[in-house]
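The structure appears below as structure tokens.
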Protein chains: 2
Amino acid sequence: MVDIITRDLSHPSARAIFQAARELHPSISLSTVYSTLAMLKALHLVKELEFEGMDNRYDMDTESHVNLLCTRCGRVVDFDFVPPLQNEVETLTGFTISEGRFEYYGICAPCRS
Amino acid sequence: MVDIITRDLSHPSARAIFQAARELHPSISLSTVYSTLAMLKALHLVKELEFEGMDNRYDMDTESHVNLLCTRCGRVVDFDFVPPLQNEVETLTGFTISEGRFEYYGICAPCRS
DNA sequence: CTCCAACCCGGAATGATTCCGAACTGGAGG
DNA sequence: CCTCCAGTTCGGAATCATTCCGGGTTGGAG
């Protein structure tokens with residue numbers, strides 16, 4: 001189960017993981033998917049992404065990067081980048097930052113053509 | 001109702017808006033708050049923010065900026081900045097970007113002391 | 001005064017996620 | 001080989017923010 005999740009780099013939803021897992025373990029339940037995800041989240045092996053109006057998605061790449069969401073087909077694409085201003089933001093706002101989230105919404109090339 | 005929402009710059013949740021609105025209009029219902037928010041969203045006068053594990057928050061500043069969320073007290077603070085890499089991301093990924101979201105999670109100064 | 005559209009109401013429905021207690025499993029130790 | 005136990009999984013019920021719905025109110029045009 002853990003393998004099924006961590007090897008799926010397509011930013012799947014819980015339901016998509018559930019369906020994929022079913023093909024290997026037909027008796028698996030959605031509860032198991034959620035509890036495994038909770039465990040992996042706690043270990044910082046997956047990052048939970050919330051996109052407006054869609055199910056949560058799970059990202060196996062926990063490094064800091066931008067996620068691009070296609071609002072037409074739901075595809076999520078990673079884009080590496082180092083957020084440049086965390087220190088500056090911390091000094092100017094007084095926050096101690098533990099995590100960042102950077103997302104763009106748009107239409108991907110395949111959907112546009 | 002529209003005024004109550006658009007003048008509240010504290011990044012309130014729907015429930016918080018509801019409670020504030022009740023003080024002026026004791027008979028107001030949560031449905032009205034949600035439908036007004038839906039209208040304002042459609043007009044791009046408010047931006048809906050989703051933070052992991054919390055109610056959605058509503059931001060009256062629809063300009064592009066970073067939102068800092070204090071995971072202890074729920075306070076949300078704005079931090080102006082112009083996302084530097086949208087064009088670069090578009091050419092490298094083929095996406096046509098319509099909107100960006102930039103969030104940091106952390107602990108605010110009052111909560112830390 | 002009448003009518004209509006826009007707004008509002010309460011309450012029920014939705015649906016992803018979480019919670020719960022019971023059943024299963026596989027390996028450690030006898 | 002058996003027993004036991006902790007960890008995993010199960011299904012189904014509960015949660016709860018949000019959405020949906022059908023009916024009531026209202027205020028301004030004509």
Side-chain angles (χ1 to χ4, degrees), chain A residues 1-8 10-60 67 69 71 73-76 99 101 103 105, chain B residues 1-8 10-60 67 69-71 73-76 101 103 105:
Chain A
M1 177 76 247
V2 168
D3 289 345
I4 297 175
I5 293 177
T6 53
R7 287 191 191 136
D8 185 341
S10 70
H11 308 81
S13 64
R15 188 164 300 274
I17 293 168
F18 173 56
Q19 285 165 354
R22 272 254 159 124
E23 305 195 348
L24 290 180
H25 306 287
S27 73
I28 207 155
S29 80
L30 200 48
S31 317
T32 303
V33 173
Y34 276 111
S35 75
T36 306
L37 283 170
M39 186 185 72
L40 293 172
K41 269 194 290 180
L43 296 171
H44 298 284
L45 293 177
V46 308
K47 203 166 171 182
E48 192 171 38
L49 308 176
E50 294 184 2
F51 290 113
E52 188 158 338
M54 320 191 75
D55 294 0
N56 288 359
R57 309 289 283 269
Y58 296 90
D59 191 342
M60 313 314 154
N67 287 113
L69 170 73
T71 54
C73 70
R75 184 199 320 270
V76 177
E99 191 191 343
R101 241 166 238 286
E103 298 162 1
Y105 292 74
Chain B
M1 178 74 248
V2 168
D3 290 344
I4 296 175
I5 293 177
T6 53
R7 286 191 192 137
D8 184 342
S10 70
H11 308 81
S13 64
R15 189 164 300 274
I17 292 168
F18 174 57
Q19 285 166 354
R22 271 254 159 124
E23 304 194 348
L24 290 181
H25 306 286
S27 73
I28 207 155
S29 80
L30 200 47
S31 317
T32 303
V33 173
Y34 276 111
S35 75
T36 306
L37 283 171
M39 185 186 71
L40 293 173
K41 268 194 291 179
L43 296 172
H44 298 284
L45 293 176
V46 308
K47 202 166 171 181
E48 192 172 37
L49 308 176
E50 294 184 2
F51 291 114
E52 188 156 337
M54 320 191 74
D55 294 359
N56 287 359
R57 310 288 285 270
Y58 296 89
D59 191 343
M60 313 315 155
N67 287 113
L69 169 73
C70 176
T71 53
C73 70
R75 182 198 322 269
V76 177
R101 241 165 236 288
E103 298 162 0
Y105 292 74

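Chain A is the first sequence line, chain B the second, and so forth, proteins listed ahead of strands; every chain is numbered from 1.
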Q. How far apart are the C-alpha atoms of Arg15(B) and Leu30(B), what are their side-chain angles, what is the distance that settles it, and do they pass the side chain to side chain contact (heavy atoms under 4.5 Å, CB included) test?
A. CA-CA 8 Å; Arg15(B) 189 164 300 274; Leu30(B) 200 47; 4.3 Å; yes
Q.
At 4.0 Å (heavy atoms only), tell me whether Ser13(B) reaches a base, stays on the sugar-phosphate, or touches nothing.
A. nothing
Q) Could you state the CZ-P distance from Arg22(A) to dG11(D), rounded to the nearest angstrom? A) 7 Å
Q: To the nearest Å, give me how far apart CE (Met54(B)) and P (dT18(C)) are.
A: 15 Å
(Q) Once you apply a heavy-atom cut-off of 4.0 Å, does Ser27(B) come out as touching a base, just sugar-phosphate, or nothing? (A) sugar-phosphate
Q | N or O in side chain of Tyr34(A) less than 4.0 angstrom from dT18(C) OP1/OP2 | A | no
Q | Where Leu69(A) and Gly74(A) come nearest, the two heavy atoms and their spacing | A | CD1-O, 3.6 Å
Q. What integer distance in Å separates Phe18(B):CZ from dC9(C):P?
A. 9 Å
Q | Separation of atom CD1 in Ile28(B) from atom C1' in dG10(C), rounded to whole Å | A | 13 Å
**Q.** Closest listed nucleotide, where the reference is the side chain of Ser29(B) and the choices are dC9(C), dC10(D), dA16(C)
**A.** dC9(C)
Q) Once you round to the nearest 0.5 Å, how far does CD of Glu52(A) lie from CG of Leu49(B)? A) 8.5 Å
Q: Ignoring backbone atoms, establish whether Asn56(A) has a side-chain N or O less than 4.0 Å from OP1 or OP2 of dA16(C).
A: no
Q. Nearest to the side chain of Ser31(B), which nucleotide is it out of dC10(D), dG11(C), dA16(C)?
A. dG11(C)
**Q.** Glu103(A) CD to Glu103(B) CD distance, which is reported to the nearest 0.5 Å
**A.** 6.0 Å
